[in-house]
Amino acid sequence: MNANIFISEIVDELKDQAKFHNIDILDIFDLTAETPDFSVVKRQGIFMNLNFDTKVSYEFRLAHELSHLLYGDGDTQQIYTFSEFGHRREEITAHRNAIRMLMSIEIPTSVNTFMEYYSVPSWLEKDVDKTFRELVYLE
């Protein structure tokens, strides 16, 4: 577990966005390493497993789950679980929204810096690059 997750400005910003949209975030300390983070549409809650065995950063996972509740289709899916390898439409959309959300908080110096800092799965590099180029050109 990364001890800095509780003092990260990125996490604070994500939690502020969740609070603004009446979404609850609960950090859970006693789940097994195999239990992924998940979000529940009707509860408008995100449950972050601090023992989850993944290399993907807490910040990216939180942005991913938050994007499910902000932009997902709550009529077709009631519970979302995090998977760094999920290729279903909803998961790819949540990954892309998480990338945009994080870059909107703080634009990285490069695609590689972003990928490394958040431990984004390598198969998402094209999405990171596309979002990075879009946001850099807007400045």
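Owing to the predicted nature of the structure, the values given are computational and were not obtained by experimental measurement.
- Nearest heavy atom pair, residue T32 against residue N49, reads O-ND2, 2.8 Å.
- If you chain together hydrophobic residues whose side chains sit under 4.5 Å apart, I92 and F85 fall into the same group.
- Between V128 and V120 there is a side-chain heavy-atom pair separated by less than 4.5 Å.
- Checking side-chain atoms of E13 against main-chain N and O of I10 turns up no donor-acceptor pair under 3.5 Å.
- Annotation: the span from Y118 atom OH to L124 atom CG amounts to 14.5 Å, rounded to 0.5 Å.
- Side-chain contact check for F82 versus V56: some heavy-atom pair is nearer than 4.5 Å.
- Using a 4.5 Å heavy-atom threshold, the side chains of E134 and R100 count as touching.
- Between M101 and Q17, the closest side-chain pair of non-hydrogen atoms falls below 4.5 Å.
- A donor-acceptor distance shorter than 3.5 angstrom exists from the side chain of S67 to the backbone of A94, with no hydrogens or angles considered.
- Of all heavy-atom pairs between E59 and L102, the closest is O-CD2, 4.1 Å.
- Using modelled atom types, no side-chain atom of S39 and backbone atom of I46 make a donor-acceptor pair closer than 3.5 Å.
- Annotation: the span from E34 atom CD to T54 atom OG1 amounts to 12.5 Å, rounded to 0.5 Å.
- Scanning both residues, R96 and D127, for their nearest heavy atoms gives NE-OD1, 2.8 Å.
- Taking each heavy atom of L66 and L14 in turn, the nearest pair found is CD2-O, 3.6 Å.
- Separating the CG atom in L135 from the CD1 atom in I99 is a distance of 11.0 Å, to the nearest 0.5 Å.
- The heavy-atom pair separating A18 from I25 by the smallest distance is CB-CD1, 3.6 Å.
- Side-chain atoms of D37 do not come within 3.5 Å of backbone N or O of R61 as any donor-acceptor pair.
- Using a 3.5 Å distance cut-off with no hydrogens or angles, the side chains of Q44 and H21 do not pair a donor with an acceptor.
- Looking only at side-chain heavy atoms (C-beta outward), N51 and T35 stay at 4.5 Å or farther from each other.
- Remark: the D27 side chain and the Y58 side chain contain an N/O donor-acceptor pair separated by less than 3.5 Å.
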- [ ] Go through Q77 and V41 one step at a time and tell me if the side chain to side chain contact (heavy atoms under 4.5 Å, CB included) criterion holds.
- [x] CA-CA 8 Å; Q77 184 104 8; V41 174; 5.7 Å; no
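- Residue E125 qualifies as open at atom CD: its count of foreign heavy atoms under 6.0 Å is 12 or below.
- P36 and T81 make their closest contact through CG-CB, 3.9 Å (heavy atoms, listed as atom of the first residue, atom of the second, distance).
- Using a 4.5 Å cut-off on side-chain heavy atoms (C-beta onward), H68 and N97 make no contact.
- Here S110 pairs with T113 under the side-chain hydrogen bond (donor to acceptor under 3.5 Å, both in side chains) rule; sequence neighbours left out.
- One distance of note links OG1 of T93 with CD of E91; it measures 9.0 Å at 0.5 Å rounding.
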- [ ] With side chain to side chain contact (heavy atoms under 4.5 Å, CB included) as the test, would you mind laying out the steps for K19 and I23 before giving the verdict?
- [x] CA-CA 6 Å; K19 187 175 182 178; I23 295 171; over 6 Å; no
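- Looking at residues two or more places apart in sequence or on another chain, you find a side-chain hydrogen bond (donor to acceptor under 3.5 Å, both in side chains) between H95 and H64.
- Here E9 contributes atom CD and I105 contributes atom CD1; the two are 10.5 Å apart, rounded to the nearest 0.5 Å.
- Using a 4.5 Å cut-off between side-chain heavy atoms of Ile, Leu, Val, Met, Phe, Trp and Tyr, I79 falls into a hydrophobic cluster with L26, I28, L31, F38, V40, F47.
- Side-chain contact check for E84 versus W123: every heavy-atom pair is 4.5 Å or farther apart.
- Taking 4.5 Å as the limit, some side-chain heavy atom of P108 sits within range of a side-chain heavy atom of F132.
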